[in-house]
Amino acid sequence: MNEDLGAAEAALVAARRANLAALRSRGNDPFAQTRYDVDASAAELRAAYAALEPERKAEGEQRSIAGRIMSKRRMGKTLFADLRDRTDRLQIYVRKDDIGPERYEDWIDLDIGDLVGVRGYMFRSKMGELTLHVLDFAVLAKALAPLPDKWHGLTDVEKRYRQRYLDLIVNPEVRDAFAARSTIVAEMRRFIDARGFFEVETPTLLHVAGGAAARPFLTHVNALDQSMQLRIATELNLKRLIVGGLERVYEIGRIFRNEGIDTTHNPEFTMLELYAAYWDVHDMMEFNEALVAHLVAGVTGGLNTLRHGERTISFERPFARIGYLEGIARYGGFERERLLSPAGAAAILEELGLPPSPAHGHALDKIFEHVLEPHLVEPTFVTDYPVAISPLAKRKKDDPELVDRYELFCANFEVSNAFTELNDPDDQRARFEAQVRERAGGNEDIPEPDWDFVRALEYGMPPTAGIGIGVDRLVMLLTNNPSIRDVILFPLQRQHG
RNA sequence: GCGCCUUUAGCUCAGUCGGUAGAGCAGCGGACUUUUAAUCCGUUGGUCCUGGGUUCGAGUCCCAGAGGGCGCACCA
């Protein structure tokens, strides 16, 4: 079974198997264990005994923890080892005199990576380290494969992603980032639930994936013998629920887009979408600002600033606001009339030295990215988008070429996108028809229209505001990680032998 | 898709001008009853990513390919 291993690795595995056999020969089969009574975590013990003075022992109280052996320092008839559990690392101390010569042999046969449960009392060593003096223990599982280097850890990025379990074992900051993600998402739910929203789950398999401009993944349902698509947004189904009277709904769900992979894009990612009947885009902005400020305070222990790379970003409310056209005029000097006409926007692209765009909306996106986005470091609401790039948003009452929409930018990327939802079925139908023409013109990123969505609007949708937040990118921001792969446990990698 | 970088022991990395492949950690054997990257003595371990080519001789030079990272392009 080890034919695919190199000789050196095979020898390491063989040594561990020999240790496993030795443990079993003493009636101590690690894989026969089913449970262990754990009454503390490493972090709890560190906190509970923080005041213990050097060389003092808390002999009266026995505590037990379980974890993985990360290092072992043998000194003849005693040994020190470091145990790691989900919370922290804790040093343990084992003496031959305490457990007897035969059980001490077990510790010689234990390897780095093995899982043990230990019970004993806490003391502080001569060197000042809090340590658990082991009086009893159980071997709970054996690591037959050798772990990466205890000091350098695992730095090979490819291996870290392909074997994330190794990354999590040896790189504590990786575990911390994913623990932070869990906390952030939980806090997000609490914040939303407290405002009376229903959490719902809508299908990922759809006949027509819509609600965004992106290429979908294609699949096939055998039972129906029909081709289907993986969703690229949850928007249309969530608004159907608003039509259905649920009034306040949200979904935190996996979205799939069959597009490029880079430091801010993974083909499957997590999006929060939330819709509130009787809110408009201003209510949503208020909500959005409160949510982000709350999460920043949560991860920083109450601060309103975040470290991002070399800089510090302030999230003091209110966040900056700038109009879409106003911003492009301020930083690029391009005027509204040119931007809002397809020919004018195409001419601006040329002036900027950018390649021509297939459509007006695309040209606007490119101009925005080059002119305004580089300036958006502090959290900033960009408001009042052109209708050409907002097919699902409601027009501004006094300015029908623009829509009641904003995007929140921070650290030069989009954190959220929100608008007052278009609820006029005739306008929606007209915009879908425009998309049909654009799609016929060769833009494959434009989805097929979802005509049943127009039918839903015909039954009446209350005035509603909606928002989408890229959860992965928000976690990147909140945990100061530069790549989306740092906040996705198993990022997509090419398959190889 | 394009460009740059990268791939050597289980892990982290050296490898000069093309001349028999190295270190630390881990492992193995030994000493050591408060160590902590424990220490000390001894020692095993290689598909140098793959396939071609040049050469008396290739980890090293050339070509092609594969994986990965970064940048650009793409991408609400």
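Quick note on labels: first sequence line is chain A, next is B, and so on, each numbered from 1.
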For a quick test of reading the model: is some side-chain N or O of A:Asn19 closer than 4.0 Å to OP1 or OP2 of B:G27?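 Indeed not, no polar side-chain atom of A:Asn19 lies that close.
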
query = A:Thr155 side chain N/O closer than 4.0 Å to the phosphate oxygens (OP1, OP2) of B:U12?
reply =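 Result: yes.
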
Can you check the distance between [N] and [M], where both ends of the measurement are the [atom1] atom (answer in whole Å)?
| N | M | atom1 | result |
| --- | --- | --- | --- |
| B:U7 | B:G46 | C1' | 15 Å |
| B:C17 | B:C13 | P | 23 Å |
| B:G10 | B:C28 | C1' | 14 Å |
| B:G18 | B:G59 | C1' | 11 Å |
| B:A58 | B:U16 | C1' | 15 Å |
| B:U54 | B:U20 | P | 22 Å |
| B:C75 | B:U12 | P | 37 Å |
| B:U60 | B:G51 | P | 12 Å |

When we call it a touch if two heavy atoms are under 4.0 Å apart, what does [X] touch: a base, just sugar-phosphate, or nothing?
| X | answer |
| --- | --- |
| A:Gly153 | sugar-phosphate |
| A:Lys96 | nothing |
| A:Asn266 | nothing |

Between [X] and [Y], does at least one N-O distance fall below 4.0 Å, as a salt bridge requires?
| X | Y | value |
| --- | --- | --- |
| A:Asp450 | A:Arg240 | yes |
| A:Arg338 | A:Glu351 | yes |
| A:Asp88 | A:Arg46 | yes |
| A:Arg429 | A:Glu433 | no |
| A:Arg68 | A:Asp114 | no |
| A:Asp427 | A:Arg395 | yes |

Whole-Å gap separating [atom2] ([N]) and [atom1] ([X]):
| X | N | atom1 | atom2 | answer |
| --- | --- | --- | --- | --- |
| A:Leu12 | B:G29 | CG | C1' | 16 Å |
| A:Asp109 | B:G27 | CG | P | 13 Å |
| A:Tyr93 | B:C32 | OH | C1' | 12 Å |
| A:Ile108 | B:G30 | CD1 | C1' | 12 Å |
| A:Arg16 | B:C28 | CZ | C1' | 13 Å |
| A:Leu154 | B:A26 | CG | C1' | 14 Å |
| A:Leu110 | B:C28 | CG | P | 12 Å |
| A:Asp98 | B:U34 | CG | P | 13 Å |

Next item on the list: Without swapping roles, check the side chain of A:Gln229 against the backbone of A:Leu218 for a donor-acceptor pair under 3.5 Å.
Entry: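 Such a contact is absent between A:Gln229 side chain and A:Leu218 backbone.
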
* Asked: Should the ring pair A:Phe453 and A:Phe432 be called parallel, tilted or perpendicular, given that the plane angle runs from 0 to 90° and is split at 30 and 60?
  ->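 Ring orientation of A:Phe453 relative to A:Phe432: tilted.
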
In B/S/- notation (B base, S sugar-phosphate only, - none; protein heavy atoms under 4.0 Å), nucleotides 35-51 of chain B written 5' to 3' is BBBB------SS-----

With B for base contact, S for sugar-phosphate-only contact and - for none (protein heavy atoms under 4.0 Å), nucleotides 68-76 of chain B reads SSSS--BBB

*In a check of ring pair (Phe, Tyr, Trp, His ring centres under 6.0 Å) between A:Tyr324 and each of A:Phe368, A:Phe334, A:Phe419, A:Tyr331, which one passes?*
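Testing each of A:Phe368, A:Phe334, A:Phe419, A:Tyr331 against A:Tyr324, the sole residue satisfying ring pair (Phe, Tyr, Trp, His ring centres under 6.0 Å) is A:Phe368.
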
Nucleotide opposite [N] in a Watson-Crick or G-U pair, distances under 3.5 Å:
| N | result |
| --- | --- |
| B:C13 | B:G22 |
| B:C48 | none |
| B:U39 | B:A31 |
| B:G3 | B:C70 |
| B:G59 | none |

Row check, A:Phe137 ring normal vs A:Arg103 NZ/CZ: under 6.0 Å, within 45° |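 Pair A:Arg103/A:Phe137 counts as cation-pi.
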
Just checking, A:Arg164 and A:Phe490: is the charged tip under 6.0 Å from the six-membered ring centre and within 45° of the axis?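 Judged by the rule, A:Arg164 and A:Phe490 form no cation-pi pair.
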
